[in-house]
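Note that the numbering runs from 1 along the sequence shown for the chain. In this text the structure is predicted, and so the values were computed from the model without any measurement. In what follows, every heavy atom counts, from backbone to side chain, and hydrogens, waters and symmetry copies are set aside.
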Amino acid sequence: MTLDWREVKREIHDEVEKIWFDEPVEVTMSKLGVFPSGAGTNHQYLGNLFFLNADTQGMGWWTIEPTMFEVLADDDFSLAQCKQLFIYMNGPMAHLMGDTCGENCPAPWMNLPKFPYFHEKIVASYDSIETKDDLASLLWSWFCYVDRINDWFYTVLPWELGKNLQRKDVEDVEKLAELLGYRLEK
């Protein structure tokens with residue numbers, strides 16, 4: 001069954017409105033360290049938060065979003081190529097972040113079940129997309145959603161942990177070298 005891209009766009013837009021000012025449950029779970037999938041190394045979830053921040057950034061405003069809008073505006077790329085490119089670039093990350101896999105992963109891996117859900121709905125609506133402008137309009141809503149999720153993960157990342165990871169300036173390196181009996185060469 002083919003979905004109408006305008007209905008998919010509306011559903012994504014409704015989700016964006018829902019999470020614009022209210023932290024989504026997926027983000028709340030993640031910041032509290034609740035990963036029913038078992039994601040995390042040695043029962044730690046800082047890495048999960050790092051990847052949620054970085055990967056949603058890559059899926060949105062940093063990599064996939066600008067690339068998709070560039071190819072959609074480029075006459076050398078057909079509508080069919082743009083659709084396929086979206087599948088290739090977006091699909092693996094969307095599924096990694098939100099798929100389950102039986103007993104090995106009984107819940108969405110990185111707590112983002114709406115990522116593969118919306119990705120698949122976008123792809124299921126391809127037959128109703130007749131122009132690159134249609135696809136651009138639909139993807140605008142998708143990237144708005146991804147970017148908003150990224151904003152939330154950026155906000156909840158425990159940046160205060162960086163207080164213990166202070167940058168070393170030249171003077172600091174010189175003092176350390178002196179304490180250790182090393183001679184620095186400039």
Side-chain angles (χ1 to χ4, degrees), residues 8 11-68 85-124 139-173 175-177 179-180 182:
V8 176
E11 185 177 356
I12 295 169
H13 181 78
D14 289 347
E15 186 64 24
V16 170
E17 284 189 345
K18 191 169 111 182
I19 67 168
W20 196 258
F21 292 111
D22 298 318
E23 184 178 281
V25 67
E26 303 95 307
V27 174
T28 303
M29 288 173 61
S30 299
K31 80 176 182 185
L32 295 175
V34 179
F35 286 86
S37 65
T41 303
N42 295 324
H43 286 70
Q44 298 176 30
Y45 67 96
L46 180 60
N48 295 1
L49 292 177
F50 170 79
F51 284 111
L52 284 163
N53 185 45
D55 291 349
T56 56
Q57 179 184 35
M59 287 182 74
W61 66 271
W62 188 252
T63 305
I64 297 176
E65 181 178 349
T67 301
M68 284 307 305
L85 189 57
F86 177 76
I87 291 171
Y88 290 156
M89 290 194 312
N90 192 76
M93 291 304 298
H95 287 285
L96 174 66
M97 299 231 233
D99 276 351
T100 62
C101 188
E103 290 179 21
N104 292 331
C105 181
W109 181 242
M110 295 300 283
N111 290 344
L112 296 177
K114 290 180 183 133
F115 272 52
Y117 172 79
F118 283 136
H119 172 83
E120 291 307 314
K121 285 194 110 171
I122 290 167
V123 173
L139 294 185
W140 182 89
S141 294
W142 164 247
F143 290 125
C144 188
Y145 172 71
V146 171
D147 291 342
R148 191 64 188 141
I149 291 289
N150 175 250
D151 291 343
W152 280 111
F153 281 119
Y154 183 85
T155 301
V156 304
L157 193 77
W159 296 103
E160 65 275 9
L161 295 175
K163 189 69 177 158
N164 295 319
L165 303 170
Q166 296 292 308
R167 182 190 68 245
K168 305 299 184 258
D169 293 325
V170 173
E171 295 81 19
D172 299 318
V173 173
K175 287 177 188 175
L176 287 170
L179 287 171
L180 296 171
Y182 291 119

Val146 and Phe115, any side-chain heavy atoms less than 4.5 Å apart: yes
So which heavy atom on Ala94 is nearest to which on Met59, and how close? N-CE, 3.8 Å
Separation between CG (Asp55) and CD1 (Ile149), nearest 0.5 Å, reads 13.5 Å
Is the shortest heavy-atom distance from the side chain of Trp152 to the side chain of Pro24 under 4.5 Å? yes
Tightest non-hydrogen contact, residues Asn111 and Pro36, listed as OD1-CD, 3.6 Å
Quick one: does Met29's side chain get under 4.5 Å of Phe35's, heavy atoms only? no
Within a radius of less than 6.0 Å around CG of Asp172, do more than 12 heavy atoms belonging to other residues, nucleotides or ligands occur? yes
Gap between atom CD of Glu17 and atom CZ of Arg148 - 0.5 Å precision: 12.5 Å
Could you check whether Asn90 and Trp142, counting side-chain N and O atoms only, form a donor-acceptor pair closer than 3.5 Å? yes
To check you understand the geometry: which heavy-atom pair defines the closest contact between Gln57 and Asn150, and what is its length? N-ND2, 3.2 Å
So which atom in Thr63 and which in Gly58 form the shortest heavy-atom distance, rounded to 0.1 Å? CB-O, 3.1 Å
Which pairs pass side-chain hydrogen bond (donor to acceptor under 3.5 Å, both in side chains) with one or both residues in residues 92-104, sequence neighbours excluded? His95-Asp99, His95-Glu120
Distance-minimising heavy-atom pair for Ser37 and Pro106: O-CD, 3.9 Å
Taking side chain as C-beta onward, heavy atoms only, is Asp147 less than 4.5 Å from Glu65? yes
Going by ring pair (Phe, Tyr, Trp, His ring centres under 6.0 Å), name the residues that satisfy it together with Trp159, two or more places apart in sequence or in a different chain. Tyr154
How are the rings of Phe118 and Tyr145 set relative to one another: parallel (under 30°), tilted (30 to 60°) or perpendicular (over 60°)? perpendicular
Any side-chain donor paired with an acceptor under 3.5 Å for Glu15 and Tyr117? no
Taking the side chain as C-beta and beyond, is there a heavy-atom pair between Leu139 and Ile122 under 4.5 Å? yes
Taking atom NE2 of His13 and atom SG of Cys144, what is their separation to the nearest 0.5 Å? 8.0 Å
Looking only at non-hydrogen atoms, find the nearest pair between Glu26 and Phe153 and report the distance. O-CZ, 4.4 Å
Heavy atoms, side chains only, cut-off 4.5 Å: are Leu112 and Thr56 in contact? yes
Out of curiosity, Ile12 CD1 to Lys121 NZ, how far, rounded to the nearest 0.5 Å? 9.0 Å
Between the CE atom in Met97 and the CH2 atom in Trp109, the distance rounded to the nearest 0.5 Å is 13.0 Å
Salt bridge or not for Lys163 and Glu160, using N-O below 4.0 Å? no
State, with a plain yes or no, whether a side-chain heavy atom of Leu176 is found less than 4.5 Å away from one of Tyr182. no
Can you give me every donor-acceptor pair (side chain of residues 42-52, partner residue at least two apart or in another chain, under 3.5 Å) with its distance?
unit_1	atom_1	unit_2	atom_2	d
Tyr45	OH	Lys31	O	3.2
Asn48	ND2	Ala39	O	3.1

